[in-house]
Amino acid sequence: MKRNENGKRLYDEDDLSWIHFVTALRATGMPIAQIQKYVYLYKEGDSTISERKMMMLHHKKEIEKSIRELYFNLDKINYKLALYDVIESQIERTNIKI
């Protein structure tokens with residue numbers, strides 16, 4: 001990491017790009033050890049491209065699986081909310097006062 005004369009870190013566009021990328025990996029559930037391995041492989045150079053690509057493909061599949069599970073569970077919640085709407089409308093009709 002580059003620093004100024006006072007020791008304060010200086011970030012350029014490449015640094016910010018890495019920070020955003022690593023943050024995205026972490027936010028999507030990649031373990032820190034895997035991120036560290038990816039960074040190590042990156043520093044090793046182009047000879048590791050295939051391995052890095054495989055890591056990203058595996059992580060992508062895990063994210064897609066999580067998204068499918070979230071949508072499946074969201075459907076259950078939406079069903080329950082629709083059921084509550086029906087029950088509430090039935091209760092409101094039976095509580096009509098004349």
Side-chain angles (χ1 to χ4, degrees):
M1 188 63 50
K2 296 175 254 354
R3 294 180 184 265
N4 68 10
E5 63 277 357
N6 297 324
K8 188 175 180 181
R9 291 184 178 115
L10 299 173
Y11 298 99
D12 61 19
E13 286 301 316
D14 288 338
D15 297 326
L16 293 175
S17 178
W18 263 103
I19 290 168
H20 292 302
F21 179 64
V22 169
T23 302
L25 293 177
R26 192 68 192 113
T28 54
M30 182 179 274
I32 292 173
Q34 283 293 104
I35 295 170
Q36 290 171 328
K37 181 178 178 182
Y38 182 88
V39 171
Y40 171 79
L41 291 170
Y42 174 80
K43 289 179 180 181
E44 289 294 306
D46 289 348
S47 64
T48 64
I49 286 176
S50 293
E51 191 173 354
R52 286 183 276 153
K53 181 180 178 182
M54 291 306 296
M55 288 179 74
M56 289 299 106
L57 286 171
H58 175 74
H59 189 60
K60 178 181 182 260
K61 287 180 183 177
E62 290 297 316
I63 293 169
E64 289 170 341
K65 178 183 173 191
S66 295
I67 290 170
R68 282 191 304 274
E69 290 171 358
L70 284 170
Y71 273 116
F72 179 76
N73 291 322
L74 181 60
D75 283 345
K76 289 180 181 181
I77 291 168
N78 283 333
Y79 171 80
K80 186 59 78 171
L81 287 169
L83 186 61
Y84 289 147
D85 285 342
V86 170
I87 293 170
E88 280 181 337
S89 70
Q90 290 173 347
I91 290 171
E92 289 173 6
R93 276 186 281 187
T94 60
N95 289 337
I96 297 175
K97 295 180 183 176
I98 300 179

Answer whether the closest heavy-atom distance between the side chains of [X] and [Y] falls below 4.5 Å.
X   : Y   : result
F72 : R68 : no
T23 : H20 : no
S50 : K53 : no

*asked:* For the CD atom on E69, are there more than 12 heavy atoms of other groups (residues, nucleotides or ligands in this structure) within a distance under 6.0 Å?
replied: yes
*Crowded around R9 CZ? As in, over 12 foreign heavy atoms under 6.0 Å?*
no
*Applying side chain to side chain donor-acceptor pair (under 3.5 Å), name anything that partners R26, two or more places apart in sequence or on another chain.*
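Here no residue qualifies.
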*For T48, all residues meeting side chain to side chain donor-acceptor pair (under 3.5 Å), sequence neighbours excluded*: R52
Distance-only donor-acceptor hits, side chain of residues 55-65, under 3.5 Å, sequence neighbours excluded:
{"residue": "H59", "atom": "NE2", "partner": "T28", "partner atom": "OG1", "Å": "2.7"}
{"residue": "K60", "atom": "NZ", "partner": "E64", "partner atom": "OE2", "Å": "3.0"}

*State yes or no: do Y40 and I32 share one hydrophobic cluster built from I, L, V, M, F, W and Y residues joined by side-chain heavy-atom distances below 4.5 Å, directly or via other members?*
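Cluster IDs for Y40 and I32 differ.
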*Give the cluster check for M54 versus I49: same hydrophobic cluster or not, with ILVMFWY residues linked at side-chain heavy-atom distances below 4.5 Å.*
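M54 and I49: separate clusters.
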Let me confirm one number: the [atom1]-[atom2] distance from [X] to [Y], rounded to the nearest 0.5 Å.
X   : Y   : atom1 : atom2 : result
N4  : L10 : CG    : CG    : 5.0 Å
Q36 : L41 : CD    : CG    : 12.0 Å
N78 : L83 : CG    : CG    : 12.5 Å

*Please identify each residue that fulfils ring pair (Phe, Tyr, Trp, His ring centres under 6.0 Å) with Y11, with sequence neighbours left out.*
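For Y11 there are no ring pair (Phe, Tyr, Trp, His ring centres under 6.0 Å) partners, ignoring immediate neighbours.
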_Between D85 and E88, does the side chain to side chain contact (heavy atoms under 4.5 Å, CB included) criterion hold? Intermediate values first, please._
CA-CA 5 Å; D85 285 342; E88 280 181 337; 4.1 Å; yes
*asked:* List the residues meeting salt bridge (Lys or Arg N to Asp or Glu O under 4.0 Å) with D12, not counting sequence neighbours, and say none if there are none.
replied: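 So D12 forms a salt bridge (Lys or Arg N to Asp or Glu O under 4.0 Å) with K2.
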*Residues which pass salt bridge (Lys or Arg N to Asp or Glu O under 4.0 Å) with E51, listed by chain and number, not counting sequence neighbours*: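 Partners of E51 by the salt bridge (Lys or Arg N to Asp or Glu O under 4.0 Å) criterion, ordered by chain and then number, come out as K37.
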*Between W18 and Y42, what is the ring plane arrangement, given parallel below 30°, perpendicular above 60°, and tilted in between?*
perpendicular
*asked:* So that I know where these two stand, are F21 and Y38 an aromatic pair - ring centroids less than 6.0 Å apart?
replied: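 That pair passes the under 6.0 Å test.
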